[in-house]
Number of protein chains: 2
Amino acid sequence: MLARRETITLRRLVAGTGVSTMAVYTYFDGMDGLRGAVRQEGFSRLATRLNGLPATDDPISDLAAAGAAYAASARENPELYVLMFDGSLPLPDDQAAGATLQCLIEIVQRAMNSERVDPGLDAVVFANELWMLGHGACMLFTTGVLSFDQVEPMVTSGLVRLYGAAGDDPDSARRSLDYGWVRGLGEGG
Amino acid sequence: MLARRETITLRRLVAGTGVSTMAVYTYFDGMDGLRGAVRQEGFSRLATRLNGLPATDDPISDLAAAGAAYAASARENPELYVLMFDGSLPLPDDQAAGATLQCLIEIVQRAMNSERVDPGLDAVVFANELWMLGHGACMLFTTGVLSFDQVEPMVTSGLVRLYGAAGDDPDSARRSLDYGWVRGLGEGG
DNA sequence: TGCCATTTCATAACGTTGATATAGAATAGT
DNA sequence: ACTATTCTATATCAACGTTATGAAATGGCA
């Protein structure tokens, strides 16, 4: 129903399944519980996809690949992305949400170790900066404010700028992003 | 009702006003029309607030002030900000939405003219990068993923990094942001 | 196996939502 | 002053999420 851009309604959900509305209450504690479970599944799949990316010897490219995979997930299922982040549900105290950011932090730290970026950087802060830019970009196209094709060149330009400001050589940053981006966009997970 | 974090419902809206539910249909064409009008008002007030900021001789500081005013608007009325950008309504073909971005573009252009940033910059792209970062940050705290106090130091750090990568001296960028930020946060409009 | 406690789930109903049909009141135009 | 149009209060509708209730299924234990 998310993929078909239908509004998720309890009655249409159970229609045709032979099961009754009560099942949603025994298994998910109502519609909010069900939506929460869907969102948790979204976080879980995103974390799996990010963790499935290989660690190459070019950490900046790995950073770009993670960003591309993140954006691809949002693009393949925009409604799910909005559901995960629109604040319509209480946040899960589950690890999955923080795990995606943790994944980013670790790649940033690898970039610092490889001296592609300033070792004096605060990895948590910088990872959050990258995430904020990426999240803003994803929100803009998942909510229909801009199209993906409008957003993509601008968010990649912003990422390259941030990599460069973190100490990487600007040309290297652009090359690493170009390579990592296609890696991250490849085959959805 | 937005400020009280109540869900906006037609019947509770007209309750106590002495007017009937039909008035919403004659004046706003239903609930979606009313929500659309509220959102348009949100864009309009935001544009007014941004345009009301003075243009100083420090365009980077002006850029920071615009960002701070933008964030302050989102903070003072988080539900309105979410309503404006959560994609739950068809986008207005009205100018107000684009006007806020246009305001940003003009300040970026002033910064380019003052040679604080690289004159070869694409003002539209760079303004969008700033907007994406700011929008992502605002979304994170308006939806409750992070608190404003968590977001603020990281988004300002990201903005300074972008200003620096655009050609400004990093220390000057930080100073201009510190000054502009308090200007933009001052007295809500 | 036999029995009881618990869980599961279909049916039916309840309260609330946004939207509409209709008819009477207000308004505007000539 | 009369007509035509617009407005709006009342009543109603379909659909929503949720809850009550009782029957069926399940599980644990002697």
Side-chain angles (χ1 to χ4, degrees), chain A residues 1-45 77-94 96-97 139 142-145, chain B residues 1-45 77-94 96-97 139 142-145:
Chain A
M1 294 176 73
L2 276 168
R4 291 167 179 267
R5 279 140 187 83
E6 302 170 7
T7 49
I8 294 187
T9 173
L10 172 59
R11 292 175 143 86
R12 281 205 283 269
L13 186 73
V14 300
T17 66
V19 81
S20 176
T21 65
M22 277 303 299
V24 175
Y25 284 83
T26 60
Y27 291 120
F28 296 103
D29 194 40
M31 284 302 285
D32 277 2
L34 182 131
R35 276 190 286 263
V38 170
R39 176 174 63 177
Q40 191 158 333
E41 179 70 19
F43 279 121
S44 176
R45 289 188 189 183
N77 223 325
E79 289 78 13
L80 176 58
Y81 190 83
V82 172
L83 176 66
M84 287 162 69
F85 287 109
D86 71 353
S88 62
L89 292 169
L91 290 170
D93 27 31
D94 132 71
M139 268 294 172
T142 55
T143 59
V145 176
Chain B
M1 294 177 74
L2 277 168
R4 292 167 179 265
R5 281 145 184 79
E6 303 170 6
T7 49
I8 294 187
T9 174
L10 170 60
R11 295 176 142 85
R12 279 204 282 270
L13 187 72
V14 300
T17 67
V19 83
S20 176
T21 66
M22 279 301 299
V24 174
Y25 285 83
T26 60
Y27 291 119
F28 296 102
D29 193 39
M31 284 302 286
D32 276 3
L34 182 131
R35 277 190 285 262
V38 169
R39 177 174 61 176
Q40 192 158 331
E41 178 71 18
F43 279 121
S44 176
R45 290 187 188 184
N77 223 326
E79 289 78 13
L80 177 58
Y81 189 84
V82 172
L83 176 67
M84 288 161 69
F85 287 110
D86 70 354
S88 62
L89 292 169
L91 290 169
D93 27 34
D94 132 69
M139 268 295 172
T142 55
T143 58
V145 177

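Residue numbers start from 1 in every chain, and the chains themselves are labelled A, B, ... in the order their sequence lines are given, proteins ahead of strands. Given the structure is predicted, the values throughout are model-derived calculations rather than measurements.
Considering only side-chain atoms of Val19(B), the nucleotide from dC7(D), dA9(D), dC16(D) that sits closest is dA9(D). Comparing dT8(D), dA9(D), dG17(D) against the side chain of Ser20(B) picks out dA9(D) as the nearest.
What separates CZ of Arg11(B) from P of dA11(D) is a distance of 13 Å, to the nearest Å. When the P atom of dG17(D) is taken as reference, atom CE of Met22(A) falls 14 Å away, rounded to whole Å. Rounded to an integer number of Å, the gap from OH of Tyr25(A) to P of dG17(D) is 7 Å. One atom, CZ of Phe28(A), and another, P of dT18(D), lie 14 Å apart when rounded to the nearest Å.
When heavy atoms are screened at a 4.0 angstrom cut-off, Leu34(A) is found touching no nucleic acid atom at all. Counting any heavy atom pair closer than 4.0 Å across all strands shown, Leu13(B) reaches no nucleic acid atom. Residue Arg12(B) is in sugar-phosphate contact alone, with no base atom involved, counting any heavy-atom pair closer than 4.0 Å across all strands shown.
Side-chain contact between Leu89(B) and Leu83(B) is present, with at least one heavy-atom pair separated by less than 4.5 Å. Considering only heavy atoms from C-beta on, Leu91(A) comes within 4.5 Å of Arg39(A) through its side chain.
Taking CG of Leu80(B) as the start and CD of Glu41(B) as the end, the distance is 9.0 Å to the nearest 0.5 Å. Between the CG atom in Leu13(A) and the CD1 atom in Ile8(A) there is a gap of 7.0 Å [rounded to 0.5 Å].
Using a cutoff of 4.0 Å between basic side-chain nitrogens and carboxylate oxygens, Glu6(A) and Arg12(A) are not scored as salt-bridged.
Interface limits on DNA chain C: the 5'-most and 3'-most nucleotides within less than 4.0 Å of chain B heavy atoms are dT17(C) to dA21(C).
Here the closest heavy-atom approach between residue Pro78(B) and residue Arg5(B) is recorded as CG-NH2, 4.0 Å.
Between Thr9(A) and the phosphate of dC16(D), there is a side-chain N or O to OP1/OP2 separation shorter than 4.0 Å.
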